[in-house]
A.B. asks: 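Got a structure for you, written out below as structure tokens; questions coming shortly.
Naming convention: chains lettered A, B, ... in sequence-line order (proteins, then strands); numbering from 1 in each chain.
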Amino acid sequence: MSGKSEESLRAEIEVGRVAGEKALASATDLETLKSAKQSHLGEKSAIAKMSQSLGSLDASLKAPIGKVLGEARNHLNELFDRRLAELTLQRDREVIESERVDVTLPLRRNPQGGIHPLTLIDQEIADIFIGLGYRVMEGPELESAWLNFDALNIPADHPARTMQDTFFIEPIESNLVLRTHTSPTQIRTMLTQDPPIYVICPGRTFRSDELDATHTPVFSQVEGLVVDEGISMADLKGTLDYFAKQIFGEDVVARLRPSYFPFTEPSAEVDIFFNGRWIEWGGCGMVNPRVLETCGIDTAKYSGFAFGMGLERTLMVRHQVTDIRAIVEGDLRFTRRFGMGGR
Amino acid sequence: MLVPLSWLAEFVEIPSNATPESIAEAFVQVGFEIESIRRTGANIEGPVVVGRVLAVEELLGHKKPIRFVTLDCGEGSERGVICGARNFNQGDLVIVAKPGSVLPGDFKIASRMTYERLSDGMICSTRELGLGDDHSGIIVLPDGSALVGEDAREVLQANDVIFDISINPDRGYALSIRGLARELAGSLRTSFLDPVERLRALKLEPTAPEKATQVKIVSGAQLIYLQSLVNVTSTAPTPLGMRLRLEKSGMRSISSAVDITNYVMLELGQPLHAFDRSKIAGTLRVRNSQPKEQVKTLDGIERSLSKENLVIADDEKVLAIAGTMGGESSEVGVGTSEVAVEAAHFDSLAVAKNARFQRLSTEASRRFERFVDPDLVELASKRAVELLVEITGATYIGCVTAGDQVKRRKVDVRLSDINALIGYQYSAKEVEEALTLIGCESKVEGDLFVVTPPTWRQDLHRTADFAEEVARIHSYDRIPLSLPFARSSAKPIGVLTLRQRRRRSVTAFLASKGLSETQNYPFSNDTFIKELGFTGDRAKTFRLANPLSDEFPVLRTHILQSLLPTAVRNINRGNQGVAIFEIGSVFRAIDGVPSTKILSTGSKPDPQAIADLFASVPSQPLMVAGVIAGNMELNGWWGKGRRADWSDALSFAMEIVELCGSKGEVGRSDFAPWHPGRCAEIRVGEKAVAHAGELHPRVIELLALPERSVAFAVLIDAIPEAPIIHPGALSTMPPAIQDVALLVDENVPSESVRLALQEGAGELLESIVLFDRYEKIGGGKVSLAFTMTFRAPERTLTAEEVNALRKKATDLAAERTGAELRG
């Protein structure tokens, strides 16, 4: 390089720069771009060679030529970076386009499962009452007659016993029955725990009714029991109103209507105003002091309320199921309609 | 109870703007449910009149007896009508629907030719007019009760409203017009005329008291009145008004004497019984039956009596079942001229036992079981005498009584206690008003009410009883709403138990894996249980004394006993991909059927008695079971599906055990209803908690299930609560991975080999996984290939160390299982 004039050196650099510019700009894929970089900026490129021999130049040329060389190199590097970005983007686009799938194809490789709506509503109710400080009590389905009847102020030969068609276990003297309500679980709770008691007792119950569109011999109930100081019927009504609104919607109204149960006094039916009419939902009342006394609870200090409703009936009302058989027959299409957590 | 509004209106003032619906709502407000409201009369249109039978011609030669009846309907000419009924004679007054009239059910009456005669109208029964259920014959009016040609609607008081009211067991007094009229008046706040007020003042004049039949109480009654009458004209017709009321109330007219007792029962609530007095030998008595005694009751049934039965007897024999049903031997009949009317206050329990032991529930027993106002014994029997004298022309000779008159009791009730229990501040005036409306007398001293409940309310004893009365009379709608939670000093805390959390996670797990939850009846039958192969303790069932059907007489001992039929039902309905499960209780009478005690009530039984009672109730563990009869992976655009096999079932069971926080060990099992060569058990500790695998080929054949259907069952309650997990430190050193392939006899369980390798390798083995099982080796051998991952906590393992550990592992596997290192 020594001996060349400044003009010729500048011209040489310009040629290298223009050639590099052209090669980089015309590269249409990443491979060509990389070889273009190699040719025009790599070790064997004209610009690189000139840079390597810069030391042999006259002292007066080193600075100006070095500066022009640096500018050319920087220019080509910038050009490369820009082109690299453009071509990478273009390549990504092509690859992604070629790999596109139909994401609307059917998803399920496994059969669709589901949780039975009775379980779903049971969980929903448990969550409502856990939020109010209640616990969930369980008791046996095959139960002692004393817990199912006598302790609840339903003595033998009382007309109230025939209100509930009971399944008895053979021999009758075993005094074992299929519980006709979950109330024996309330008795178990009161016999073993001191107040305050805030519990719900969900579970399966049995009455010897033939299966038809509105009756089933095996059904599910949820009962509630509160025993504490100063518990009133207003507390019962407020609790049921809250419960009804949680289950059926904020605009639902609950009302109490006088009724009779041996284990409550006063007793009431609870109706809800839903979809434009009053619907009987369950029974309730203030725990009969005689029941509290049988459970050893001081009636001078404590009072309590209890309520109970059928879960099948609740589902039928809320989901407009007209035939109870759909709930009890185990047809998986019914369960699948509720999926994993529908309501 | 069927209640005609016209009868209520005799004792309660009905507001002029009241509608049947508003009256029904008034009943509902105070606790009486209305089953139905029936309007009568309004749907009878056109000329329906009273006619006199002039002639009856029997038409012979037809399938059933037919009459051609000539009538005078006050038209100046005769009218001929065909009639199938036979309960009338020439001269009787009947109801005739003339052509052009329309009866309930849009039944249009027209002239027509039938049985070769022109039938110019129809003679009507009670049912055809919509006035009652009686269709045993046509209506025959008592002579002189109506004029020929008169509008039948007027004569029959047809325009009425019949309420069907359900009466709760605590309100026996409301099984009467008197009781319901009082309730309605209380709810409407209108005036009430108590029919017994007149009877209290009524003086009967006995003509020969010394001749009256004697009576005594041996057991089972508090008070009895026996009224004796002679010169009874037993054929005297029941007055039309009385008969119509009985029919509207759902009863049939039988004879005037019986009708009178029924009428008084409906009006006042006191069941009465009329005996043919001439059939009573000596003294009438209330007593318990003796063994081997019998009585033929009015329903024609010869009944054997036990000492539990309370009866009415004379010196010689049983005449009636007390408070329940009379006997044929002393029945009032056509020839009866002397009548003894019994009115008694029987023990509720004694009558309830009668009804239960004889399987006989009557209008009388229903009332006595629920309590009848003891004050009515005298008053109702006076009412019956009054009517018998008036209607049958009887002579009253006198009354004999036994037992004690009812004593009124006083109860102290505090206003503040009532208000605290209801959660509403009633004024003293409001409480007093409510108590008066239900018949109480009360004296107010500040907060204290000294209340004398009426004789018909033996259920009013303590605050709660009075609080209900006050709250219902002032409407439950007035009770405000509150939540105890915010106020409770105890601040209760809600939380799910371990069992409840397990149940939730198992349900969600199985559903997310493609299984649908079902809830099946926990019933089965022994034949099916045996066919499924259950034996021993697993087949010991509890039997129902009163099953709904022979198909389901026992409780299931295993969920599969009810889940498998549900799988079959789903398949039969064409459901695809049948994969279902259930979580529920199972019942095994392992120690036979225990006896559970009936403890006392009213105060807490002693703790030992309670503990013994709880222990005597059989344990009913929670089990989850699933059946998969089809693909676990479906056919689809991704390729062919895959049938569920035994290992899918087993892995569900294992994952459930793991969800419950335990590690299970798999072993072989031959439990029913599984395939003995394709069934595994999962043990936690020493205990088998789960079984899974392919169903037994015989079971599959029996139920026509798809081939190789699989099932699993996990006894959730048998899985112990898991100890706290201590995860230890995580090594960051590099792992050393070694594969080993071993040849073993094909009968050696792979798990035995894996466990031997694991134990031999020692603590530095981080994991060991079987990744291949190759069967086509021959010589009864299989090849098992494992990947073993070693890692030390704080250093890198050398190749020599790893080789040595691997050798220890394979040596122990060789020693334990005969495994040879392959290749």
A.B. asks: With a 4.5 Å cut-off on heavy-atom pairs, point out which of A:L240, A:I327, A:D209, A:L236 contacts chain B the most.
C.D. replies: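 Greatest number of close heavy-atom pairs with chain B: A:D209.
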
A.B. asks: To the nearest 0.5 Å, what is the distance between CD1 on A:I187 and CG on B:L613?
C.D. replies: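 Nearest 0.5 Å value for the CD1-CG distance: 11.5 Å.
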
A.B. asks: Measure the spacing between CZ of A:R207 and CG of B:L548 and express it to the nearest 0.5 Å.
C.D. replies: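 These two atoms lie 13.5 Å from each other.
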
A.B. asks: What do you reckon, is CZ of A:R337 surrounded by more than 12 foreign heavy atoms closer than 6.0 Å?
C.D. replies: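 It does not: A:R337 CZ has 12 such atoms or fewer within range.
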
A.B. asks: If I take atom OG1 from residue A:T264 and atom CD from residue B:E468, how far apart are they, to the nearest 0.5 angstrom?
C.D. replies: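 That separation rounds to 8.0 Å.
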
A.B. asks: Among A:L178, A:V199, A:L105, A:I197, who wins on heavy-atom pairs under 4.5 Å with chain B?
C.D. replies: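 The option with the most such pairs is A:L105.
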
A.B. asks: So, B:R499 and A:E138, do they make that salt bridge, N to O below 4.0 Å?
C.D. replies: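 Yes.
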
A.B. asks: Flag the one option from A:G114, A:G330, A:P195 with the top tally of heavy-atom pairs under 4.5 Å to chain B.
C.D. replies: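 Counting heavy-atom pairs under 4.5 Å, the top option is A:G114.
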
A.B. asks: Using non-hydrogen atoms and a 4.5 Å limit, figure out which bit of A:P196 sits close to chain B: side chain, backbone, both or neither.
C.D. replies: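 When you check distances to chain B, only side chain atoms of A:P196 fall under 4.5 Å.
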
A.B. asks: With a 4.5 Å cut-off on heavy-atom pairs, point out which of A:D235, A:I130, A:V226, A:D228 contacts chain B the most.
C.D. replies: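 Among A:D235, A:I130, A:V226, A:D228, the one with the most close pairs to chain B is A:D235.
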
A.B. asks: What part of A:I172 gets within 4.5 angstrom of chain B, counting heavy atoms only: side chain, backbone, both, or neither?
C.D. replies: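 Only the side chain of A:I172 comes within 4.5 Å of chain B.
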
A.B. asks: Side chains of A:F334 and B:T518: closer than 4.5 Å at any heavy-atom pair?
C.D. replies: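 Side chain of A:F334 against side chain of B:T518, heavy atoms only: no contact under 4.5 Å found.
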
A.B. asks: Nearest 0.5 Å please: distance from the CZ atom of A:R257 over to the CZ atom of B:R472.
C.D. replies: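 With rounding to 0.5 Å, CZ (A:R257) is 13.5 Å from CZ (B:R472).
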
A.B. asks: Using a cut-off of under 4.5 Å for heavy-atom pairs, which of A:A145, A:S174, A:G296 has the most such pairs with chain B?
C.D. replies: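 Most pairs with chain B among the choices: A:S174.
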
A.B. asks: Go through B:K513, B:E33, B:R503 and name the one with the most non-hydrogen pairs under 4.5 angstrom from chain A.
C.D. replies: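 Answer, by heavy-atom pair count under 4.5 Å with chain A: B:E33.
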
A.B. asks: Out of curiosity, A:M286 CE to B:T463 OG1, how far, rounded to the nearest 0.5 Å?
C.D. replies: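 The CE atom of A:M286 sits 12.0 Å away from the OG1 atom of B:T463.
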
A.B. asks: Are the side chain of A:T294 and the backbone of B:G602 linked by a donor-acceptor contact shorter than 3.5 Å?
C.D. replies: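 The answer is yes, because a donor-acceptor pair under 3.5 Å joins these two groups.
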
A.B. asks: Do you know which two heavy atoms are closest between B:P522 and A:R204, and how far apart they sit?
C.D. replies: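 Nearest heavy atoms, B:P522 then A:R204: CD-NH1, 3.6 Å.
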
A.B. asks: Examine whether an atom of A:A268 lies under 4.5 Å from a heavy atom of chain B, and if so say whether it belongs to the side chain, the backbone or both; otherwise answer neither.
C.D. replies: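 Both the backbone and the side chain of A:A268 come within 4.5 Å of chain B.
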
A.B. asks: Is A:E210 in contact with chain B via its backbone, its side chain, both, or neither, using a 4.5 Å heavy-atom distance?
C.D. replies: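 For A:E210, backbone and side chain are both near chain B.
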
A.B. asks: Please look at A:T216 and chain B and tell me whether the side chain, the backbone, both or neither of the residue comes under 4.5 angstrom of a heavy atom of that chain.
C.D. replies: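 For A:T216, heavy atoms of backbone and side chain both lie under 4.5 Å from chain B.
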
A.B. asks: Looking at A:E141, is its backbone amide N or carbonyl O close enough to the side chain of B:Q620 to form a donor-acceptor pair, meaning the two atoms are under 3.5 Å apart?
C.D. replies: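 Answer holds: yes.
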
A.B. asks: Given that the side chain runs from C-beta out, which part of A:Y198 has a heavy atom under 4.5 Å from chain B: side chain, backbone, both or neither?
C.D. replies: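 Contact with chain B involves the side chain of A:Y198 alone.
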
A.B. asks: What are the two closest non-hydrogen atoms of A:T239 and B:P484, and how far apart are they?
C.D. replies: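 Smallest heavy-atom distance, with atoms named: OG1-CD, 3.5 Å.
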
A.B. asks: Would you mind checking which part of B:Q576 comes under 4.5 Å of any heavy atom in chain A, side chain (CB onward), backbone (N, CA, C, O), both or neither?
C.D. replies: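 For B:Q576, the backbone is the part near chain A, not the side chain.
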
A.B. asks: If you compare all heavy atoms of B:N570 against all heavy atoms of A:L332, which two are closest, and at what distance to 0.1 Å?
C.D. replies: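 For B:N570 and A:L332, the tightest heavy-atom pair comes out as OD1-N, 2.9 Å.
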
A.B. asks: With a 6.0 Å cut-off on the ring centroids, do B:F523 and A:F167 count as close?
C.D. replies: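 B:F523 vs A:F167: aromatic centres under 6.0 Å.
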
A.B. asks: Which region of A:L292, side chain (C-beta onward) or backbone (N, CA, C, O), has a non-hydrogen atom less than 4.5 Å from a non-hydrogen atom of chain B, or is it both or neither?
C.D. replies: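 Contact with chain B involves no heavy atom of A:L292 at all.
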
A.B. asks: Below 4.5 Å from any heavy atom of chain B, which atoms of A:S303 appear? Answer side chain, backbone, both or neither.
C.D. replies: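 For A:S303, the contact with chain B is made by the side chain alone.
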
A.B. asks: A:N175 side chain to B:K597 main-chain N or O, any donor-acceptor pair under 3.5 Å?
C.D. replies: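 Pair absent, no side-chain N/O of A:N175 close to backbone of B:K597.
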
A.B. asks: Counting heavy-atom pairs under 4.5 Å to chain A, which of B:L555, B:D417, B:I598 comes out on top?
C.D. replies: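 Looking at each of B:L555, B:D417, B:I598 in turn, B:I598 comes out on top.
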
A.B. asks: Below 4.5 Å from any heavy atom of chain B, which atoms of A:D127 appear? Answer side chain, backbone, both or neither.
C.D. replies: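 Both backbone and side chain of A:D127 come within 4.5 Å of chain B.
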
A.B. asks: If you look at every heavy atom in A:L256 and B:D477, which pair is closest and at what distance?
C.D. replies: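 Looking at all heavy atoms of both residues, the closest pair is O-OD1, 4.1 Å.
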
A.B. asks: For B:R504 and A:Q123, indicate whether the former's side chain and the latter's backbone hold a donor-acceptor pair under 3.5 Å.
C.D. replies: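 Looks like yes, one N/O pair under 3.5 Å.
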
A.B. asks: Do you know the tightest heavy-atom contact between B:P169 and A:Y260?
C.D. replies: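 Between these two residues, the closest heavy atoms are CD-CD2, 3.3 Å.
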
A.B. asks: For A:F338, which atoms come within 4.5 Å of any heavy atom of chain B: side chain, backbone, both, or neither?
C.D. replies: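 Looking at A:F338, nothing touches chain B.
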
A.B. asks: Who wins among B:A579, B:S600, B:A467, B:A471 for the most heavy-atom pairs under 4.5 Å with chain A?
C.D. replies: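 Of B:A579, B:S600, B:A467, B:A471, B:S600 has the most heavy-atom pairs under 4.5 Å with chain A.
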
A.B. asks: Would you say the side-chain atoms of B:N546 pair up with the backbone N or O of A:T166, donor to acceptor, closer than 3.5 Å?
C.D. replies: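 Yes, B:N546 side chain to A:T166 backbone: donor-acceptor pair under 3.5 Å.
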
A.B. asks: Judged by modelled atom types alone, do B:Q519 and A:T119 share a side-chain donor-acceptor pair under 3.5 Å?
C.D. replies: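 Yes, side-chain donor-acceptor contact under 3.5 Å.
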
A.B. asks: Please determine whether the number of non-hydrogen atoms from other residues, nucleotides or ligands lying under 6.0 Å from atom CG of B:D606 exceeds 12.
C.D. replies: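 For B:D606, atom CG is crowded (more than 12 foreign heavy atoms under 6.0 Å).
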
A.B. asks: Can you tell me how far apart OH (B:Y424) and CE (A:M233) are? Round to the nearest 0.5 Å.
C.D. replies: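 It comes to 14.0 Å.
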
A.B. asks: Does a side-chain heavy-atom distance below 4.5 Å link A:E265 with B:F466?
C.D. replies: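 They are not in side-chain contact.
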
A.B. asks: Between A:E269 and chain B, with a heavy-atom cut-off of 4.5 Å, which part of the residue counts as in contact: side chain, backbone, both or neither?
C.D. replies: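 The side chain, not the backbone.
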
A.B. asks: Hey, are the side chains of B:V593 and A:E170 touching, using non-hydrogen atoms and a 4.5 Å cut-off?
C.D. replies: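 No - every pair of side-chain heavy atoms lies 4.5 Å or more apart.
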
A.B. asks: Heavy-atom distance under 4.5 Å to chain B: side chain of A:Q112, backbone, both or neither?
C.D. replies: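 Contact with chain B is through the backbone of A:Q112 alone.
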
A.B. asks: Top residue by heavy-atom pair count (under 4.5 Å) with chain A, among B:S361, B:G584, B:P480, B:G577?
C.D. replies: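 Going by pairs under 4.5 Å, I would pick B:P480.
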
A.B. asks: Side chain, backbone, both or neither: which part of A:D241 has an atom under 4.5 Å from a heavy atom of chain B?
C.D. replies: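 Just the side chain, heavy atoms under 4.5 Å.
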
A.B. asks: Counting only N and O atoms by type, is there a donor-acceptor contact under 3.5 Å from the side chain of B:E517 to the main-chain atoms of A:I115?
C.D. replies: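 No, the answer is negative, given that no donor and acceptor are paired below the 3.5 Å cut-off.
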
A.B. asks: For chain B, which candidate among A:A126, A:S220, A:G339, A:P140 shows the most heavy-atom pairs at distances under 4.5 Å?
C.D. replies: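 Of the candidates given, the most pairs with chain B belong to A:P140.
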
A.B. asks: Using modelled atom types and a 3.5 Å cut-off, is there a donor and acceptor pairing between side-chain atoms of A:W146 and backbone atoms of B:T596?
C.D. replies: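 Judged by distance alone, no pair lies under 3.5 Å.
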
A.B. asks: B:K604 and A:C295: which non-hydrogen atoms are nearest, and at how many Å?
C.D. replies: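 For B:K604 and A:C295, the tightest heavy-atom pair comes out as CD-O, 3.6 Å.
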
